[in-house]
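Worksheet: one structure, shown below.
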Amino acid sequence: MVWSGTWVAERLGVELVEGGGAGVSGGSAGAGPLRELLGLALRRNPKRAHLLVSNVLGKHVPQHPSVIWRSGYDLGVRVRELLGPDEAARALVLGYAETATGLGHSVADGLALAPYLHSTRRPVPGVERAGGFEESHSHATSHLLLPEDPRLLAGDGALVLVDDEFSTGNTVLNTIRGLHETFPRERYVIVALVDMRAPEDRARLDAFAREIGARVDLIALASGTVRLPADVLDKGQELVARYETAAAPVSAPGTGRAPVTRVDLGWPAGVPDGGRHGFTAAHRARLDAALPDMAERVAAALPEEARRVLVLGFEELMYAPLALGVALERRLGGGEGKAGGVGEGAAGVEVRYSTTTRSPVLAVDDPGYAIRTRLVFPAHDDPADGPGPRYAYNVAGGGFDAVVAVVDSVADTEALHAPDGLLAELSAHTGHVLLAVVPSYVPSPTAAPHPSPHAPQDQEPRMLPDPLRGPAFSSYAPEDVGWLLQDLSDVTLEAPTEEREEAIQSGGAHYAESLPVEYQPSPRYQELFRAALDTSAARIAQAVGTVTETVLAERAGGTGRPVLVSLARAGTPVGVLMRRWAEVRRGLDLPHYAVSIVRGRGIDANALRWLAAHHDPADVVFVDGWTGKGAITRELAAAIEEFEAAGGTHGFDPAVAVLADPGSCVRTYGTREDFLIPSACLNSTVSGLISRTVLRADLVGPDDFHGAKFYRELAGTDVSGDFVDAIAARFDEVAGAVDVQVKELLATDREPTWEGWAAVERISEEYGIHDVNLVKPGVGETTRVLLRRVPWKILAREGAGADLDHVRLLAEQRGVPVEEVAELPYTCVGLIHPKYTRGATGADGKAVASA
C-alpha cells in the first residue's frame, strides 16, 4: 500500500526518521514504525508547512474505534506499570484539547483508578477557572482548566499529561511550569502517541526537570524526528496556493439528501459527557455499565443494509462517541470492545470513528496523501471566540452507508440543522444520518471555590478572562499576540481632537478616558508610508534582531524562554517582530502578550496578576517601540513597585526592551539612533486595528482589564501584516550584522544616561512651555503629536532628511510650523500647544503660527 505521507514527502522533502527518543529522568520512549502511525498533509498555515496526521488518534482519519481506544489504553497500562498500583491510583491524567481529549481519557482507562481532566477552549458560565496555559502555535491557543472539584489539581500524586504528539515540548513545559507554581508535584509523566522531538528539545526537558526538582518521565508508542528542508515553508505555501482551488471542499448537492434520525441514547444521569470538569473511576464504572444499552439503541436505528458505519464525534467531545463506537463494534460482532481485538463484524458491518475539528488542512485526493477530502460547515456551538468554519476530513468519499453524528446538547443548535450545517453536509455523502445528543454536563453550583496563590487571604479569588486574540480581536494571527484587554468595540469613545486637548490640559479629563478619531491617511501619506517601509526595512530588521538577541543573551541564565509583554499599542508590532525573529532565526516559540500602561495611572495590575498566574514573572520582558524622554520607562518601574507593595506577586523586572532608544533611557535596545520606524506613521492600521487603551471608571472595574477597541471597519486599509512581513523578509540579510552588533553591545556599558530627559527639560523652559508632558521628543513621538494632539510647532534637526518626510507632510496638512534647530539631540521634537483652548486656535484645530 502507498504510504499516506508520500505525496508531501516527495514534494517538500520532508522525512520521518525512526528512533532517537529517550526518556527523561528515568522515563523511556518506545520504538515503533512511524509510517504505520503517521501520514502527512499540508497545513493551510504560512508558519508551519506540514501536519503529522495520526492513523490511531481518531481526529482526521476514520479508524476502527477499538484500535483508537486500545492505543491510549495500552499507554495507560505502561504508565501504571511505571508508577506502580498505589501511585497510579493517586495520579491525575490531564489531556489536551481538542485533539487529545479522547486519547487522554483512554490513557486514564489504562491506569484504571486515576481521575481524568482535559483542558478546554469552551468557557462554562458559573465554573471558575483553576488554571490555564497557552499553545502559541495552535489556531486556537488558550486552554482552560475547569475542574468541578478544585481538589483534583491539588493532589500530591503524579500528573500524567497526554497529547497526541510531542514535537518541541513547549506546550507541556508551559503546562507544568504554570501548574507547578500553584500545585507543585514531585513527579510528572508525559504520554504521547509519537515523540518527535529534536535532540535539543530533549535536553531542554531534562534541564527543566532538574530546574523544578521533579522527576519527568516520557512514554510514547513510537519515536523519531522530522527532517525539514530549509525552504519547506515557501514550498508549502506554494503547494497550498496551487492545490487549494482544486482541493475545494466537497459541497453538498442540493437533492438526494439522506434522512436524519434522532436517536435517544439513554445517557446515564449525572455521568459527565467527558473530562472537561473531571471524570472519576466511579463515573467510568457507570458509563461502562450503560454502554451496551446505548449501542443497542444505535444499532436498532441503523438501516439493515448498512455495512460500513462511521461514528463521528465533535471537536472536544471525543471520548463519549469513541466509547459508543467501541460498544457498537462489539454489538455488531466486530472486535472485542474494551477487552481488545477488532475487525469487521460477523454480519459484515464495519465500524469506523473520527471527529470534526477546528483545524484547517489542505485536502488532496491522492492515495499518498493523508487528507483526501474535507467537508466545511459553520461552527454550531456558539464558540466563545466567535463563529468560524469547522471541518470533517475523509468522510466524503469514505463509502459510509450511515453516519452516527454525536454532539453534546450545547452544540445541538439551529446552526447544526441549517441548510449549510454539519447534518446537511453529512446527509449528502451517506445513505443515512443518525443524530445522538449527549447531555452537556453542568457542574454542581455548590462546588468549592478554586484556590488562588496570588489572591490576598482575606479576599475571594478573582478569575480573569483569557487573552483576546485575532481574528475575533485584532487582525494579527492568534499566535502573534494575546491581548490582556477587554473589548470596548461597541462603546463610542472617540472625541474631536480639539475637545480632547482642551479637556486634558484643563484637568477635566485624562487622555486615557477617550480616544482620538482615527486618522485616515491620504493617498499621498500612504505612499510615504510604503516608501519609508521599503527604505528602512533592513535597518529595522537589524534593530529587531539586535534587541531580540540581546534579550535572549541577558536571559541565558534563566529558563532561556522569555515571555514577551508589549506595552500596547506602539510596543505590540515590535513584540510581534521579536517573536518572529526568535522563531525564524532561533527556532524558539516565545509567548507574546500586550498589556495597557497609562501615564499617570500605571500598568494594568490585573494583567500582571494574569501573567503571574500563567508564567514565572522573572521570565517576563516588557517591550516598547521606542523611548522619547523615558516617561513610560519611569511609569513602569513605579507601577511594578506599587503592585508589589499592594500584595502582588514579586519578581517582575521593570526594565523595558525597545527597538530604538534615542533618549538613552534603557539598557536593552536595538539602536540608539532616532530614525523613522514606519509603524509610528499610522495608528491602528499598523497595530492590528487596535485602538489606544482606555481606562475609565464607568467602563473598567477593579477586576477588569483595561479596554480597547477593534476597528474591524478599517480592514480595507490595514497594513499590520504588510509591515511585519516586509521587515521579517530581511532577517536573513541582516543576520551577520546582528551577530556583530550584539557582541559589541554586550561588551559595552549600556547604562542609561537619561540625556533625553535633560534635553526635554531644557526645551520646555526655552520655549516657555514649563511642562515636560507637552514636549514629545523623537520621530515616533512627534508623529503621535501630529496624529492625536493639537501640535504647536515642530523642531527639526538641521539637515534631517527623508526620515522627516511624513512629519513635514502632516505638519503642512495641519498648518503647523517646522523650525530647524542646530544641535538638537533628536531628529525632531513635537511641541503640544501649551494652555490650549479652542479659542486660541480655532475649531479647525490648526495651531497658531507663532507663540
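Predicted, not measured: the structure shown is a model, and the values here were computed from it.
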Salt bridge (Lys or Arg N to Asp or Glu O under 4.0 Å) between R530 and D722, intermediate numbers included: CA-CA 10 Å; R530 295 286 182 182; D722 296 346; 3.3 Å; yes
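- Nearest heavy-atom pair, V574 versus V623, reported as atom, atom and distance to 0.1 Å: CG1-CG1, 3.8 Å.
- Aromatic ring orientation, F377 versus H380: tilted (interplanar angle from 30° to 60°).
- No side-chain donor from either of D201 and T168 sits under 3.5 Å from a side-chain acceptor of the other.
- Contact annotation: the side chain of T717 approaches that of L714 to within less than 4.5 Å [non-hydrogen atoms, C-beta and beyond].
- Between A570 and P573 the shortest heavy-atom distance is O-CD, 3.4 Å.
- The pair R372-D365 meets the salt-bridge criterion, with a side-chain N (NZ, NE, NH1 or NH2) lying under 4.0 Å from an Asp/Glu carboxylate O.
- Side chain of N55 to backbone of E36: a donor-acceptor contact under 3.5 angstrom is found.
- L34 pairs with exactly one of V194, L52, V226, V17 by the side-chain contact (heavy atoms from CB on, under 4.5 Å) rule, that one being V194.
- H429 is listed as a side-chain neighbour of L375, based on a closest heavy-atom distance under 4.5 Å.
- A side-chain donor from one of T572 and S566 sits under 3.5 Å from a side-chain acceptor of the other.
- Put simply, the side chain of F710 reaches to within 4.5 Å of the side chain of I690, judged on heavy atoms.
- Here CD of E583 is found 9.5 Å from CG of L588. Values are rounded to the nearest 0.5 Å.
- Within the 3.5 Å criterion, the main-chain N or O of G398 finds a donor-acceptor partner in the side chain of R308.
- Of the possible donor and acceptor atoms, one in the side chain of S427 sits under 3.5 Å from a partner among the backbone N and O of A424.
- Counted by atom type alone, T357 and E98 present one or more donor-acceptor pairs between their side chains at under 3.5 Å.
- A salt bridge between R730 and E733 is present, with a side-chain N of the basic residue lying under 4.0 Å from a carboxylate O of the acidic one.
- To the nearest 0.5 Å, atom CG of residue L310 and atom OH of residue Y353 are 10.0 Å apart.
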Check against side chain to side chain contact (heavy atoms under 4.5 Å, CB included), F723 and L577: CA-CA 10 Å; F723 174 73; L577 282 165; 3.9 Å; yes
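- When each of T355, D164, T99, T101 is tested with K59 by the rule side chain to side chain donor-acceptor pair (under 3.5 Å), just one qualifies, namely T355.
- The pair E315-R121 does not count as a salt bridge, with every side-chain nitrogen at least 4.0 angstrom from each carboxylate oxygen.
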Check against side chain to side chain contact (heavy atoms under 4.5 Å, CB included), Y593 and V563: CA-CA 8 Å; Y593 308 97; V563 176; 3.7 Å; yes
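- Formation of a donor-acceptor pair under 3.5 Å by the W3 side chain with backbone atoms of L38 is found in this model.
- Ionic pairing of D725 and R580 is present here: one or more N-O contacts between side-chain nitrogen and carboxylate oxygen are shorter than 4.0 angstrom.
- Separating the CD1 atom in I371 from the CG atom in L42 is a distance of 10.5 Å, to the nearest 0.5 Å.
- A donor-acceptor distance shorter than 3.5 angstrom exists from the side chain of T430 to the backbone of F400, with no hydrogens or angles considered.
- The local environment of CG in D420 is crowded, with over 12 non-hydrogen atoms from other residues, nucleotides or ligands closer than 6.0 Å.
- The shortest distance between side-chain heavy atoms of L689 and S474 does not fall below 4.5 Å.
- Under the 4.5 Å side-chain criterion, counting only non-hydrogen atoms from C-beta, L40 is not in contact with L51.
- Between F731 and W581, the distance separating the two ring centers is shorter than 6.0 angstrom.
- The main-chain N or O of G670 is found under 3.5 Å from a side-chain atom of Q741 such that the two form a donor-acceptor pair.
- Remark: D231 CG to E238 CD distance equals 9.5 Å, nearest 0.5 Å.
- Side-chain N or O atoms of S54 include one that pairs as donor or acceptor with a backbone N or O of L57 at under 3.5 Å.
- The two atoms that bring R390 and P378 nearest to each other are CG-C, 4.5 Å, heavy atoms only.
- Classification of D487 and K709 as a salt-bridged pair fails, no side-chain N sitting under 4.0 Å from a carboxylate O.
- A donor-acceptor contact shorter than 3.5 Å is absent between the side chain of T685 and the backbone of D718.
- The CZ atom of F473 sits 5.5 Å away from atom OG of S489, with the distance rounded to the nearest 0.5 Å.
- Without hydrogens or angle criteria, N394 side chain to A370 main chain gives a donor-acceptor distance under 3.5 Å.
- Annotation: E200, atom CD; neighbour count of heavy atoms from other residues, nucleotides and ligands within 6.0 Å is above 12.
- The heavy-atom pair separating I68 from G58 by the smallest distance is CD1-CA, 3.5 Å.
- W7 and Y243 have their aromatic ring centers within a separation under 6.0 angstrom.
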Side chain to side chain donor-acceptor pair (under 3.5 Å) between E316 and T120, worked out: CA-CA 7 Å; E316 291 180 10; T120 179; 2.8 Å; yes
Residues R11, L239; criterion side chain to side chain contact (heavy atoms under 4.5 Å, CB included); working and verdict: CA-CA 8 Å; R11 287 160 178 80; L239 281 172; 3.7 Å; yes
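- Between H60 and Y393, the ring planes are tilted. Angles from 30° to 60° get that label.
- Side chains of L422 and H417 form no contact here, defined as non-hydrogen atoms less than 4.5 Å apart.
- Checking side-chain atoms of R374 against main-chain N and O of V395 turns up no donor-acceptor pair under 3.5 Å.
- The minimum heavy-atom distance between A41 and V53, with the atom names listed, is CB-CG2, 3.8 Å.
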Chi angles and distances behind the side chain to side chain donor-acceptor pair (under 3.5 Å) call for T175, Y96: CA-CA 10 Å; T175 310; Y96 286 90; 2.8 Å; yes
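- Using a 4.5 Å heavy-atom threshold, the side chains of L362 and V364 count as touching.
- For CZ of R227, the number of neighbouring non-hydrogen atoms (other residues, nucleotides, ligands) closer than 6.0 Å is 12 at most.
- Between D401 and R352 there is no salt bridge, since none of the side-chain N atoms of the basic residue sits less than 4.0 Å from a carboxylate O of the acidic one.
- Of the charged side-chain nitrogens involved, at least one lies within less than 4.0 Å of a carboxylate oxygen, so that D589 and R579 count as a salt-bridged pair.
- Among all heavy-atom pairs drawn from V686 and Y476, the shortest one is O-OH, 3.5 Å.
- Contact check on D381 versus R122 returns a salt bridge, with a Lys/Arg side-chain nitrogen under 4.0 Å from an Asp/Glu carboxylate oxygen.
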Full working for salt bridge (Lys or Arg N to Asp or Glu O under 4.0 Å) between E18 and R35: CA-CA 9 Å; E18 295 278 356; R35 289 194 174 200; over 6 Å; no
Side chain to side chain contact (heavy atoms under 4.5 Å, CB included) between L221 and S71, worked out: CA-CA 8 Å; L221 289 181; S71 297; 4.2 Å; yes
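- Side-chain atoms of R469 and V481, non-hydrogen and from C-beta on, never get closer than 4.5 Å to each other.
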